Every structure is written in structure tokens, then in C-alpha cells.
Protein chains: 2
Amino acid sequence: MYIENWHCSNLVFKGLTKDELALLDQNKVDVHYQPDEIIFKQESPCSHVISFYEGQAMEYLEGGKNDKIILRLIKPVEFISGAGFYSDMKHHFSLKAITRASACFIDMGIIKELISKNHAFANTFLKIVHDNLIFSYQKLSSLTSKYQLGRLCEALLYLSNDFYEANPFELTISKPDLGAMSNMSKESAYRLLHELEKDGLILVNGNLITLLNSKRLEEISRNS
Amino acid sequence: MYIENWHCSNLVFKGLTKDELALLDQNKVDVHYQPDEIIFKQESPCSHVISFYEGQAMEYLEGGKNDKIILRLIKPVEFISGAGFYSDMKHHFSLKAITRASACFIDMGIIKELISKNHAFANTFLKIVHDNLIFSYQKLSSLTSKYQLGRLCEALLYLSNDFYEANPFELTISKPDLGAMSNMSKESAYRLLHELEKDGLILVNGNLITLLNSKRLEEISRNS
DNA sequence: TTAATATATTGATATATGTCAATATAATAT
DNA sequence: ATATTATATTGACATATATCAATATATTAA
């Protein structure tokens, strides 16, 4: 059954031995979420990593004048580890289910044990953290040094190319949340979507979005 | 001599054995820089980590409409490792000397070897990467969801509390660069410094800056 | 010392973008 | 079907902030 073998689909656990997998199995906890339910909250203590294996979720930053900044969307299978695991033992972003979703919690103690005992696993873990770091620098750069339109185009391309991996794609987040991904008000998001549509670059039909000219969208995204 | 024993002052290397330290010594390269010289550049291939042991430097992001975003300032002793080491083998930020500075280059191959062989070192390395991640999330949050004044106050507090660790402190970066730290134009930086001075919160005397009311500066920084 | 250049400072203006308000449409409940 | 609520859309306006321009001060060169 899928949930029983949750670790099989997560490449993070590929290099583990039978015993190590058994250890994980004995100590994991599965949790199921309804849409919009919070999985963990920024500032709360982090004790477990998560293997996210069903549904969709969003990672977001809270605080300041904005209600939130959406960092990225999550789909199966994703390994999510708190940034505070080696210092303050707190979460530094929040995670919330978008659709019905399931996550498997694994105690950080066990993860640290695996890191020390299994070199391949340690490497995979290091790769994930480094990838998060790269992602964060890119986000930092684009959110501070691009205009709204460029940021929105970037978000649309991210959704089509990386998250939904489809060209007409069905938005599973709201349009205001599309704004939160691009650091702008919901009104600006609506307005700019309309503008892109008027210019024939995209097609918006309710929640179905079609990118008609990805090349041009990339140009706009690049040159702000 | 200081340079010969460069690794002694960097806590990263604390847990290494004599043999491992000898390995580092045989494979390190020391490089000396003049003010404003680039140590490594964003997008360039990364092959070595750096132990920064003399002078001051700045980490900054390039690209977009801004000339740069200064992430943080570096002083001895700091271990600097590229975010691309586990994926694209590129640097994702640039590093530039502020004053005369010295850095010790160590091949990433050797670092990876130490990570696999020495568990304490692996843990220290993981802690550093995680700390960078936390720092990056905080920067992302404050640069996108605070007003200029709050961002400038944050930068001033960072300089006094974390970087210079002094209260009247002598700025070693320019005031335009103070703007680049807070994501604003140099004119805005000048203007707001003047404003803070008029309000009696700081004192600016050339490059000497005194924080007269840190409590209030923190408040402004928090509440934008 | 004087000229020349870079840095600092301030003011006026333009622009990006958010906020508020009005209305329209869609979804849901009664 | 009608009322009710949530979502979407657009317009008018306010404001944060950058840009441009003018001038002042400091620093360096001749």
C-alpha cells in the first residue's frame, strides 16, 4: 500500500539499508490534513522532519507588513527540514496544506543518526539544504530587484515549468496567493494578469491559465 | 605565525585530528587582497571553500535593477562555502574585500572528504549552512516586508551589535553601501540617516556612527 | 594654492505600487 | 428563485521610494 511504503517514493531514503528503513518505519508518524490546515508554523519548535507524500502545500514567511510571502509550493515527494535544526530548534517558515494532504513525521534525532551513519544519506541531506539556500538567494534577488510584472511572470513560469509541469495549468492557489508569491497586493495581481492577457501573453479562464508566449514571459521576467 | 596557524582560529576546524589538519595545511592556498578586490564572483565556478582570516569583506547579490544587495559583512574568522557545491558548482553570491584582506582557499574535495570522515566536522558544516539559510530567510522577510526606515534601523543595529560589536562604530563601508544593505537608493540612505539624527536616535560624524537609542531603533526596525 | 575630481547632501519631480472604495460576478445557502 | 456571502474586477487616490538635478563639501592632483 502507498502509505506503508511512503519512503520508497522519496529518493532521500534511496541509499538506506533495510535496517535503517525499518528504524524509520518504527518511528514515523503519518498525519493527514484538510485544505488550509497548518502543518507547522514559523517560530514553533521543530523536532521532526517531514516527508510530504500526498497533496499540495505551501511554504511561506510571516511577519512584517505583508500577510505572507509564499516561498514555494510543495508536491509529493518532498523532504522538508527546518532551518533551525542546528541552532535554535525553531521553524523559520510556515507550512500549510493547499489540498487534502499527507505528511510523514520523522524525529530529527533519527535523521541525525542516519546522517552520521550513512554517508550517502548525509550527502543527500546536504544537497537538499544547499538547494534550499540557492532557492532562497534567487527569491531574495528577484523579490528585491525586479518590478511587479517581472515577478509575476517569474511566478507563472515557476508554476508551469516546475510545479504543475503543464501548460494550461489549473491554479490550486488563489489569485491573491499568486500575489503573495510575487510580493504584491491581490489587486496588483489581478491587474497585471489582465494586462498580460490583453497583451496576448497568457490566457486566463477562471483558474485555468495558459501561457501563450513563454519566451516573452521569460524576457519580461529577466529584464524586470 | 598567524597565517601559518590560520586554522587554529577557525572553530570549524576545532574537531579535526592532527593528520586532517596536516592534510588541510598541505592543500591550502593563501590569497591576499586589496580593498575592493573581488574574491569570487556570482555565477563563477566554485571549487574551493574559504577560511576568511584577515580584514573585512562583503557578501552581495548581483543582477536585476539594483546594482547590488549586500547580504552581510564578513570579518575573521569566517568559513565561507558556496551554495552551489552540491548541485551546479557555481557561486550564488559575490564576495569582495572591503579592507586589505586575506583568505585561505581549500579544495572542496578535501572538505567533502572531511565531512565523510569526521562526524564533528560534518555537524559544524551542517550548522553553518543552516545558519546561512536562517539568515537568508530573515533577510528575505525584512527586505520585502518592511519600510526603508525599518530596514535602515535593522542594518544599523546589525552593524553595531553583530559586525563591529561596538557602539560608536567606524563605518568601513560607504553610506551608499549602507543603502545597498537595506535595499534602497543612496539618496534615501543619506536622507534617512539625517532624519534619524534629527530625531536624536543616532549621531553621524563622518564615518563614525553612534546609536543613541537602540531600544527605539529596535522598535522602528520591528514595526517597520 | 588652485584646479579637478569624487563624495555628500538636499530639493523637486516622476513613478511604482499599495490602499480604499465601488461594483460585478460567482458560489452557496435558504 | 432569492438572498447572502465570498470572490473577482476595476477605478480613483495616496504614498513610498527612485530618479534627476543642483549644489556643497571633501579629497586628491597639478
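Numbered from 1 within each chain, the chains take letters A, B, ... in sequence-line order. From a predicted model like this one, the values you see are computed outputs, not experimental measurements.
- Using a 4.0 Å cut-off, some side-chain N or O of A/Tyr190 falls inside it from OP1 or OP2 of D/dA8.
- Between B/Phe105 and B/Tyr33, the two ring planes are tilted [angle within 30° to 60°].
- Across all strands, A/Lys186 comes closer than 4.0 Å to no nucleic acid atom at all (heavy-atom distances).
- Between B/Glu187 atom CD and C/dG11 atom C1' the separation is 11 Å, expressed in whole Å.
- Map A/Lys175 and A/Tyr147 each onto its nearest nucleotide of DNA chain D; the residue landing nearer the 5' end is A/Lys175.
- Taking atom CG of A/Asp177 as the reference point, atom P of D/dA6 lies 17 Å away to the nearest angstrom.
- Taking atom CG of B/Asn207 as the reference point, atom P of C/dT7 lies 12 Å away to the nearest angstrom.
- Put simply, NZ on A/Lys146 is 17 Å from C1' on C/dA16, counting in whole angstrom units.
- Taking the six-membered ring for Trp and thresholds of 30 and 60 degrees, A/Phe125 and B/His130 have nearly parallel ring planes, at less than 30 degrees apart.
- Here D/dA18 is the nucleotide among D/dA18, C/dG18, D/dT10 with the atom lying nearest to any side-chain atom of B/Ser188.
- Here A/Asn183 lies in heavy-atom contact (under 4.0 Å) with sugar-phosphate atoms only.
- As rounded to whole Å, 10 Å separates atom C1' of C/dT17 from atom CG of A/Leu192.
- Remark: C1' of C/dG18 and CD of A/Gln148 are 8 Å apart, rounded to the nearest angstrom.
- Scanning for ring pair (Phe, Tyr, Trp, His ring centres under 6.0 Å) contacts around B/Phe93 gives A/Tyr137, B/Phe40, with sequence neighbours left out.
- Phosphate contact (OP1/OP2 of D/dA16, side-chain N/O of B/Arg191, threshold under 4.0 Å): absent.
- No side-chain donor-acceptor contact under 3.5 Å links A/His91 and A/Ser44.
- In this structure, B/Lys65 does not reach the D/dA18 phosphate: none of its side-chain N or O atoms is under 4.0 Å from OP1 or OP2.
- Looking only at atom types and distance, the side chain of B/Glu62 has a donor-acceptor partner in the side chain of B/Ser94 under 3.5 Å away.
- A close approach under 4.0 Å does occur between a side-chain nitrogen or oxygen of A/His194 and OP1 or OP2 of D/dT10.
- Separating the CD1 atom of A/Ile69 from the P atom of C/dG18 is a distance of 10 Å, rounded to the nearest angstrom.
- Rounded to whole Å, atom P of D/dT15 lies 17 Å from atom CG of B/Leu149.
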